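Worksheet for the structure shown next.
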2 protein chains.
Amino acid sequence: MATPKYQRIAAALRNAIRAGTYGPGDRLPGENDLMAQHEVARMTARQALGVLTAEGLAESRKGAGVFVRAHPEPILRRATARLARQVWGSGESVWSADFDGRMMTVDRFSVSEAPAPPDVAGLLSLAPGDPACVRRRRYLVGGVPVMSAVSYLPAALVAGSPITNEDTGPGGTYARLADLGHAPVHARETVRADTATPDARDLGLGAVVVLIRRVAITATDRVVEVTDMVLDAGAYVLEYEVPM
Amino acid sequence: MATPKYQRIAAALRNAIRAGTYGPGDRLPGENDLMAQHEVARMTARQALGVLTAEGLAESRKGAGVFVRAHPEPILRRATARLARQVWGSGESVWSADFDGRMMTVDRFSVSEAPAPPDVAGLLSLAPGDPACVRRRRYLVGGVPVMSAVSYLPAALVAGSPITNEDTGPGGTYARLADLGHAPVHARETVRADTATPDARDLGLGAVVVLIRRVAITATDRVVEVTDMVLDAGAYVLEYEVPM
DNA sequence: AAGTGGTCTAGACCACCAC
DNA sequence: TGGTGGTCTAGACCACTTT
């Protein structure tokens, strides 16, 4: 037995998917089918299907079956110079640029005043105990959660401004920061990818997540906002312009 | 039984790891240990350990045990304006900027002339049948593969230049392109994350990979190079500057 | 030689979903 | 209600690593 049975079964299914035998949304042969076809025990058939779900090619639905995963067109998130400025400078939310044709909605929104995590407090130059304005929200596309985000701003800086409301007004947070004389002139984004922790999975995101920390900086080098984002990796393509 | 046994066992181990009971590189209780401690069957203990390995918290070594994964300091890959220009403008490889103290070596290098994949050919404005110069290489840090990359350049453009050699000389490919009068002035990078396919796993990369496509563009808007990179997600942090 | 994880079998009960 | 995947048991053999 050169390669394990379950891997051979998985490979056969994978090839069938790639060949189009099973299209997106189609039901794959279930555990019982595989047991019969390949003369194999329950756990072995399960293991084969487990390979496909781990690869993100299939997803199982309790009581229904295992289905080929439908990959919707990924969202193109352009983190590009002109775009950002133009967009929030002219009334739209920065985030509407993330998106190109489907319905994006916001969910689980909250604003509160609370201490920021130590690393964030450091970036924002908050003294220990200084509170931050914390804005949390989750974004859905077609009813499916694709991103959750938390932003931190110095509470003293934004007190009394629309930033402490759910609706920050035309142009969003960045436009309001500009109104306050703290317009960000550039942002630094750090990007990592990881498997979703159980916590993130509770948020309803996929198995692989992209973690972005966006740090917004003013002309005087002041950090006025830190945003931590968790994206469903399968739902997004990030685009960056790199001048040379 | 509110939550499954294997999840409770996995949670206990996870907490023990976070609490420092088991440090990086330490051996976790094995299948036999868990069977005894939790009065559970083999497959259940396995399943619990499987959760941790799937999360990337642990890794199993055949015949030896399951160990807490040692996460080396991630490589900071700065895809930033000044850096890129400065670096290759002054003799160093662009990629040496990826890296900040450990030994990075190249592996499995090859240069060849071959047709580019259709999407790449389109970006490079290659007529069907026009060959591309294909440069493949894999990067190791401390002996561990962390990235593999393939670059495509129009063969007609680079014929006879050092770009067709392994050693492209001071400043690397971009400096040679500049010598040829095709200096790239900016690049567009698209970033995705995914679980590693069996192919990529054969390359020796981790379970989660980051896929970057870098398109290098000249002042006359000509695409002179397309590079596809596969990074071990755990080994990298990407940094981008976004002017606003 | 002893112990480890990797694979595999042949059963079982359950919650859930579709019909 | 019958079929599905999710969980679980109690065994087994193997290749591999460590001692």
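Chain letters run A, B, ... following the sequence lines, proteins first, then strands; residues in each count from 1. Since we're looking at a predicted model, the values are computed, not measured.
Sequence order on DNA chain D of the closest nucleotides to A:Gly65 and A:Arg46 puts A:Gly65 first from the 5' end. When each of A:Ala45 and B:Ser60 is assigned the nucleotide of DNA chain C with its nearest heavy atom, B:Ser60 is the one assigned upstream, toward the 5' end. Both B:Pro29 and A:Thr44 sit near DNA chain C, but only B:Pro29 has its closest nucleotide nearer the 5' end.
We find that CD of B:Glu31 is positioned 11 Å from P of C:dT7, with the value rounded to whole Å. Rounded to an integer number of Å, the gap from CG of B:Asn32 to C1' of C:dG6 is 13 Å. Distance B:Glu39 CD to D:dT9 P: 10 Å, rounded to the nearest Å. Between the CE atom of A:Met35 and the P atom of D:dG3 there is a distance of 14 Å, rounded to whole Å. The distance from atom CE of A:Met43 to atom P of D:dC8 is 11 Å, rounded to the nearest whole Å. Remark: P of D:dC8 and NE2 of B:His38 are 12 Å apart, rounded to the nearest angstrom. Between A:Lys62 atom NZ and C:dA15 atom C1' the separation is 6 Å, expressed in whole Å. Remark: C1' of C:dT7 and CD of A:Gln47 are 7 Å apart, rounded to the nearest angstrom.
Ion pair A:Arg14/A:Glu55 flagged as a salt bridge, since at least one NZ, NE, NH1 or NH2 atom sits closer than 4.0 Å to an Asp/Glu carboxylate oxygen. Salt bridge A:Glu31/A:Arg42: present, at least one basic N to carboxylate O contact under 4.0 Å.
Scanning atom types as modelled, no donor and acceptor separated by under 3.5 angstrom connect the side chain of A:Arg61 and the base of D:dG6.
Side-chain contact of B:Tyr240 with A:Glu241: a donor-acceptor pair under 3.5 Å is absent, judged by distance alone. Between the side chains of B:Tyr6 and B:Arg8, no donor N or O sits under 3.5 Å from an acceptor N or O. Side-chain atoms of B:Ser151 and B:Arg137 include a donor-acceptor pair closer than 3.5 Å.
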Where each pair must be Watson-Crick or G-U wobble with both distances under 3.5 Å, what dot-bracket representation of DNA chain C is obtained, with crossing pairs in [ ] and other-strand partners as |? ||||||||||||||||||.

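Among D:dG5, D:dT9, D:dC13, the nucleotide with an atom closest to any side-chain atom of A:Arg27 is D:dG5. Of the candidate nucleotides C:dA12, C:dC8, C:dT7, C:dA12 has the atom lying nearest to any side-chain atom of A:Arg42. Here D:dT7 is the nucleotide among D:dT7, D:dT9, C:dA10 with the atom lying nearest to any side-chain atom of B:Tyr6. Closest to the A:Asp33 side chain, of the nucleotides C:dT9, C:dG6, D:dT4, is D:dT4.
Taking the ring axis of B:Phe67 as reference, the NZ or CZ atom of B:Arg61 stays within 45° of it and closer than 6.0 Å to the ring centre.
Of the possible donor and acceptor atoms, one in the side chain of B:Asp33 sits under 3.5 Å from a partner among the backbone N and O of B:Gly30.
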